[in-house]
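Naming: A, B, ... by sequence-line order, numbering from 1 per chain.
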Amino acid sequence: MTTTTEQKTLPCIAVESLTGCAGELLVILDNLEQLLPFVRIVSFPFAQSKNECGPVDITFVEGSVSQPHDIEKLKRIRSNSRWLIAIGNCAVWGCVQAGACSRCHVEDMLHAVYGDESPIKALPARPLSDFVHVDAMLSGCPINATQFLSVTASLLKDHLPYITHKPVCLECKLRENPCVLIEKNLPCLGPVTAAGCGALCPSLGAACYGCWGPCQSPQMAAMATILQEKGYQLDEVLSRLQTFGAPDTLFARMKPDAEVA
Amino acid sequence: MSGIERRTIEIPEICRVEGHSAVTVDISDGRVANVQLEVFEGTRFFERIVLGHQYEEMPHITSRVCAICSTGHVLAAVRAIENIFEFKPSVHTNLCRQLMHLGMIIESHATHICALALPDFLKTPDLLDFATKHQKEFEVWTKLRNLGASIQTIIGGRPFHPVNLHVGGLSRYPLEQDLMPLLRILDESRTYALHLCDLLSGLTLPIERTAEACFLAVVPDGPGYGYFGEVVRASDGWEAPVANYKEYLNERVVAYSHAKISTHLGGKPFMVGAMARLFFFADRLGKTARSVFDKSPLASGKACSLWNNLAQAIEILEAIEQSIVFVEQLAAGGFESEGATHLDGLVKAGRGVGAVECPRGTLYHYYELDEKGKIVAADMITPSAQNTAQIELDICTVVEQQMALDPALLQSSLETLVRAYDPCNTCATHMVQIRSVKAK
């Protein structure tokens, strides 16, 4: 372990959170031994009391923007950070909160919960990139620790990491799993979901439920057609596909009244 | 001193707790006029998020309420739905769930005690200082946390947000070769848990006395120390089925916070969590944990909520002993073979409650399903919301005791107090009732 004097010259990192489940914070905390020799953690309010708010080389931000306070905080973080990295599904897509917001209005939820006169200001959950420039996005629910460390290593070597968004099916085939969608008729969302988990659910014989958010160019209409052919109702299919924050634009061609199949 | 003295103590953001919260105390003429524990984590509306989804999706969606107690949310959801279907899980499934739950207890308690609570006592300002100057404690934390994470990965597929636990059973049951390596780690981990118990028992607390608490905890099924049950007990002698939770937990919205506040019968604040569980069920502990408890300040019955940290350490020790038994039973096998879970004939409309004792206290999930198994109403009451009123009462008691203290010291005692409850604000902001909103 480096001494405190050596620490002063190390790159500074910060770990901040907006609105989320703190899962990414736990992953980082769990990998502290690997990080501490290479970086100085100047801010991590979840895990330490002494937090500085000066310039930072890399800030990792967890959680979605779900209230005005989050926007102010995010803008402050952006202006202090050389690199801002969105970590976890909430920060990249908005996760289950954004999924629900695509099906109902946040104002209705707020009034129903806290009354019409409530001073609380809630916003529909949105990803960070809707508000500020984000240098790299690492999805996951939670993020994969190995992927997080390799992204950090890239940044410490002064270049932005290349993060792929291939579908889960790719990892599933590499593990030589039998296809649960074809062979067991399970509602597996692997074909439209970003890989990185190592095809965890299908490897246990269960259907992928899309927790990493959409893969690159997901074929949502084709996925819906396949699931309908397997006997799933369109409303159920849509609700499953949108649960983990896949944005509305991906479904433009297939609203319930549009023709599918 | 002339006139009325008024002042306000403000802690704008409490570090080292899960989520975002603040404390404000108004003092007027030597008395505490008002205490507010404000939770300003963004609202998350989970009870609305789940509407319109199928019952099978509940474990996956509700685990996202909170990473550190995701297993608890999954098991509360699963129990509520199985209650609706009148489905009894197999012995094999129950053993896996119990072991999984102990993995969460170990991981969550170890993280809370070492990373969040201990720095107040070790006086470490940041993580580097902790890791370099207190290597033994850092090692204890790493080892125990890894143990909890390994158990949850072997049973649930990953350290949190498990993918392998479903309504009805598991998609894959762990094999003997998956489980056996745990035995050696569990055996070694006893010394780490004992170290924590010793360390915490010996601490000098910055606060001697907090408010008298009424404790509430679920009465565990079976004869041992446990975390699942159908009846809740209070230290004032009252008992009720968890299914009646709406009658005894009076939730109300407060203007200053995104979390709702619960009180017990007659508007009384109450405490849930490790201290409450040990208050009722210390006589069910195994030999090792029992002897630690008997010698500890907890057995003296003196009221101080800060001993909740020690109560959690004793639960880690007990969880290690219990895990060894469960791993041996699971590895011995001989269970009836379990295929895919067959619930098809059982799906029906109805209402059900599932309660589990999570690291921070009792968690309730309630669901109402239609005849096809779709969620039409939901409610979740988390332990942190239940503890809020008691934390506010404790803050009031402590400020009145320590009014003359230097403001910085008083503020630091209050932070230590709040941390001892291990509040989880990401959980607490889901206290919403939105049955009147219709899905579009």
Side-chain angles (χ1 to χ4, degrees), chain A residues 1 4 7 17-23 25-26 29-30 32-33 36 40-41 44-51 63-64 66-67 69-70 95-97 99-100 103-104 106 108-110 112-115 118-120 122-123 125 141-142 184 197 200-201 204-206 209 211 235-236 239-240 243, chain B residues 13 15-20 40-46 48-49 51-54 57 60-61 64-68 70 111 115-116 119 124-128 130-132 142 145-146 149 157-161 163-164 166 171-172 253 255 258 340 374 426 429 432-437 439-440:
Chain A
M1 191 77 53
T4 313
Q7 272 275 321
S17 66
L18 304 177
T19 297
C21 77
L25 308 182
L26 281 180
L29 204 56
D30 290 355
L32 214 51
E33 302 99 297
L36 281 176
R40 191 162 74 90
I41 301 175
F44 194 170
F46 172 58
Q48 64 185 30
S49 307
K50 195 178 134 207
N51 297 298
S64 64
S66 298
Q67 56 181 336
H69 172 80
D70 292 338
C95 204
V96 289
Q97 281 181 256
R103 294 187 295 134
C104 63
V106 73
D108 295 342
M109 296 201 269
L110 184 67
V113 176
Y114 297 98
S118 171
I120 295 173
L123 299 172
C141 194
K184 289 166 80 177
C197 60
L200 198 52
C201 294
L204 295 165
Y209 57 86
C211 70
D235 62 339
E236 187 193 337
S239 113
R240 277 183 193 263
T243 306
Chain B
E13 176 152 14
C15 295
R16 288 189 283 115
V17 295
E18 224 205 332
H20 306 285
F40 57 90
E41 180 86 14
T43 45
R44 297 181 67 205
F45 306 114
F46 263 82
R48 175 61 190 81
I49 289 172
L51 297 191
H53 282 280
Q54 281 298 116
E57 298 173 81
H60 309 321
I61 298 177
R64 267 66 188 187
V65 172
C66 170
I68 202 156
S70 48
T111 301
L116 311 186
T124 53
D126 58 36
L127 290 161
L128 180 74
F130 183 24
T132 47
T142 310
R145 184 198 68 212
N146 288 349
R158 57 183 167 195
F160 46 92
H161 298 328
V163 298
N164 196 28
H166 307 276
S171 41
R172 177 183 174 275
V253 178
H258 292 187
K374 192 179 273 189
T426 60
T429 46
V432 291
Q433 297 170 318
I434 7 181
R435 279 170 217 100
S436 57
V437 179
K440 266 201 300 185

Could you check whether any side-chain N or O of B:Arg48 sits under 3.5 Å from a backbone N or O of A:Ala100, counting only pairs where one atom can act as donor and the other as acceptor?
no
Rounded at 0.5 Å granularity, tell me how far OG in A:Ser66 sits from CZ in B:Phe45.
8.5 Å
In terms of heavy-atom contacts, B:Ala67 and A:Gly23 come closest through CB-CA, 3.3 Å
Contact winner vs chain A - B:Val163, B:Leu127, B:Asn146, heavy-atom pairs under 4.5 Å:
B:Leu127
Relative to chain A, which segment of B:Leu116 carries a heavy atom at a distance below 4.5 Å: side chain, backbone, both, or neither?
side chain
Between A:Leu123 and chain B, with a heavy-atom cut-off of 4.5 Å, which part of the residue counts as in contact: side chain, backbone, both or neither?
neither
Please find the pair of heavy atoms, one from B:Gly52 and one from A:Ser239, that lie closest to each other, and give the distance.
O-OG, 4.2 Å
Between CD1 of A:Ile41 and CG of B:Asp126, what distance do you get to the nearest 0.5 Å?
8.5 Å
So how far is it from A:Arg240 CZ to B:Ile61 CD1, rounded to the nearest 0.5 Å?
9.0 Å
Who among B:Arg172, B:His161, B:His53, B:Gln54 has the most heavy-atom pairs with chain A under 4.5 Å?
B:His53
Where does A:Asp30 contact chain B at under 4.5 Å (heavy atoms): side chain, backbone, both or neither?
both
Distance in Å, A:Thr243 OG1 paired with B:His60 NE2, rounded so as to fall on 0.5 Å steps
10.0 Å
Once rounded to the nearest 0.5 Å, what's the spacing between atom NZ of A:Lys50 and atom OG1 of B:Thr124?
11.0 Å
Test side-chain contact (heavy atoms from CB on, under 4.5 Å) applied to A:Cys211 - qualifying residues, sequence neighbours left out:
A:Cys141, A:Tyr209, A:Phe244, B:Arg64, B:Arg158
Quick check: closest heavy atoms across B:Ala131 and A:Leu36, and the distance to 0.1 Å?
CB-CD1, 3.7 Å
Under a 4.5 Å heavy-atom cut-off, does chain B meet the side chain of A:Leu204, its backbone, both or neither?
both
Which value, rounded to the nearest 0.5 Å, describes the distance between A:Leu25 atom CG and B:Thr111 atom OG1?
12.0 Å
